[in-house]
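Convention: sequence-line order gives letters A, B, ...; per-chain numbering from 1. Small disclaimer: the values here were computed from a predicted structure and weren't measured.
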2 protein chains.
Amino acid sequence: MGARSYGQYCGVVTALEQVGERWALLIVRDLLVGPRRYGDLKNGLPRIPTNILSKRLRELQDAGVVRRVPLAHRGLVYELTDRGRALEPLMLALGEWGFGAMGDPDPDDIVTLDSMTMAFRTSFRPGVAAELPDTRYEVHIGPVALNLAVDGGSLRVRPVAGGPLVRGVDGDLAEEADADLVLVCGPGIRELIAGRVTGAEAIEAELVSVQAGDPALLDRFAQTFHVDSAPAPATGG
Amino acid sequence: MGARSYGQYCGVVTALEQVGERWALLIVRDLLVGPRRYGDLKNGLPRIPTNILSKRLRELQDAGVVRRVPLAHRGLVYELTDRGRALEPLMLALGEWGFGAMGDPDPDDIVTLDSMTMAFRTSFRPGVAAELPDTRYEVHIGPVALNLAVDGGSLRVRPVAGGPLVRGVDGDLAEEADADLVLVCGPGIRELIAGRVTGAEAIEAELVSVQAGDPALLDRFAQTFHVDSAPAPATGG
DNA sequence: CCGGATCCGAATCGATACTG
DNA sequence: CAGTATCGATTCGGATCCGG
């Protein structure tokens, strides 16, 4: 038994020993979005030391969470195994709980494509969405631009091709026209997702700005993507 | 922003910064069972250095997860705030995922009352239990003895009064008679909870030993307390 | 005994530089 | 691109000590 073991025979301990080290779950978070190269991960986690990234990837492979896959021509990607993908419910629970503690960003906090992708997956409510018309949202938040396609009770999150707001200058508006609602927002979007403001209030307070589409769709957006600020503990304990 | 910050504006990061440090979630795990004194926590986590326990408790208070409550006469207990209790779904997800990676215990791994209590909460299936007759189980696993009272779709886990198997010598069998099934088991109980063996097979392989009650109830136990070895990832991503 | 605080060696982490 | 090597800064772990 390693000196760094928690020394208990318990599922929680086993989990923490496999994915509880610093940075490990953030690597998993990004890999839940899709396979990533070493450099992608490094870019998505700018403050991770490269030696730690390397070490964690080896540990995650040893734990059977991550797999190394050679790419067709050259290079390679890391991807989650089935066991790694089974961490998704845990990741969503973590993001949901953390949402309730988010304040305003520190001056040099960054926002990444993968973290926002998982954030929208976290707040997505399939049951509610299934009762609403299919809708496509385009959300710009800082340097990140995402396309959210709600289709029945399922959600697909993709980066907007061409990046944030650099389209349109040469007439390539095909995709933008695709979205029913195009939003530009900042951290204040939390208020909308937490249900602390209505769509109209969010626009009024300039928490979000509607670039295209019917502003009334903002309330549908808020119903679809919602996190309770004070999640109720599970019953039956 | 601290040098130890992950530097991202993201719910997962916020959560990890509040409860992602070493030992923090194990403290929360034990507090999910009930309020605990400093010495209780130290006992339940024998390998935690006392300075770390002290530091974590302060951090968890700063994060609004834990509260310090003076006791009636003297002493004090730590207890979870509402926000701390909201970590229960996360904890169950962690325990469930970790269950699938548990092997046999290391020679000096220990088992504690609180970790086993959370383990049974993790594997409890309210929906299944509601379809089955109410049942009371008494489970002895190493030094730990628990009483599991399944009542409709809810579960109550309590330590067996008097501790493990020291009752009976003086005729105090009132509580034991209360249980419909009394089990003594070791790590092999995993096989039963994972559904890899039937109740009869578990007895045959000596994974569990039935001290009292109808051995046929073992299958009801396995239906009630069950963890899928390969949990399916959530859909809709 | 309870609830910590203090001290110190060992291990880990973070930042930067460097290599196939 | 995909890491390894190195080294100072932190944190962790283990033990001891202290006040009530």
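- Between B:Arg56 atom CZ and C:dA5 atom P there is a gap of 14 Å when expressed in whole angstrom units.
- What separates NZ of B:Lys42 from P of C:dG3 is a distance of 10 Å, to the nearest Å.
- Summarising the geometry, the separation between OH on B:Tyr6 and P on C:dC13 is reported as 10 Å, rounded to the nearest angstrom.
- Figure legend: B:Arg47 and B:Trp23 shown without cation-pi pairing, the cationic atom not lying both under 6.0 angstrom from the six-membered ring centre and within 45 degrees of its axis.
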Would you give me the side-chain donor-acceptor pairs under 3.5 Å for residues 14-22 of chain A, sequence neighbours excluded?
{"from": "A:Thr14", "atom 1": "OG1", "to": "A:Cys10", "atom 2": "O", "distance (Å)": "3.0"}
{"from": "A:Glu17", "atom 1": "OE2", "to": "A:Ser5", "atom 2": "OG", "distance (Å)": "3.2"}
{"from": "A:Glu17", "atom 1": "OE2", "to": "A:Tyr6", "atom 2": "N", "distance (Å)": "2.9"}
{"from": "A:Glu21", "atom 1": "OE1", "to": "A:Arg4", "atom 2": "NH2", "distance (Å)": "3.4"}
{"from": "A:Arg22", "atom 1": "NH1", "to": "B:Tyr6", "atom 2": "OH", "distance (Å)": "3.2"}
{"from": "A:Arg22", "atom 1": "NH2", "to": "B:Arg4", "atom 2": "O", "distance (Å)": "2.4"}

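- The CG atom of A:Leu71 sits 16 Å away from the C1' atom of D:dG3 (whole-angstrom rounding).
- B:Phe124 and B:Phe225 have tilted rings, their planes meeting at an angle from 30° to 60° on a 0 to 90° scale.
- No engagement by A:Leu53 is indicated, since no non-hydrogen atom pair under 4.0 Å with the nucleic acid exists.
- Legend: residues meeting salt bridge (Lys or Arg N to Asp or Glu O under 4.0 Å) with B:Arg56, ordered by chain and number and at least two apart, are B:Glu59.
- The CG atom of A:Leu57 sits 10 Å away from the C1' atom of D:dG3 (whole-angstrom rounding).
- Taking the nucleotide of DNA chain D with the nearest heavy atom to each of B:Glu21 and A:Lys55, the more 5' of the two is matched to A:Lys55.
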Please enumerate all protein N or O atoms sitting under 3.5 Å from an N or O of nucleotides 14-20 of chain C, with distances to 0.1 Å.
{"from": "C:dG14", "atom 1": "OP1", "to": "A:Arg22", "atom 2": "NE", "distance (Å)": "2.6"}
{"from": "C:dG14", "atom 1": "OP1", "to": "A:Arg22", "atom 2": "NH2", "distance (Å)": "3.1"}
{"from": "C:dG14", "atom 1": "OP2", "to": "A:Trp23", "atom 2": "NE1", "distance (Å)": "3.1"}
{"from": "C:dG14", "atom 1": "O6", "to": "A:Asn51", "atom 2": "ND2", "distance (Å)": "3.2"}
{"from": "C:dA15", "atom 1": "N6", "to": "A:Asn51", "atom 2": "ND2", "distance (Å)": "2.9"}

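- As judged by a 4.0 angstrom heavy-atom cut-off over every strand, B:Arg74 is placed among residues making no nucleic acid contact.
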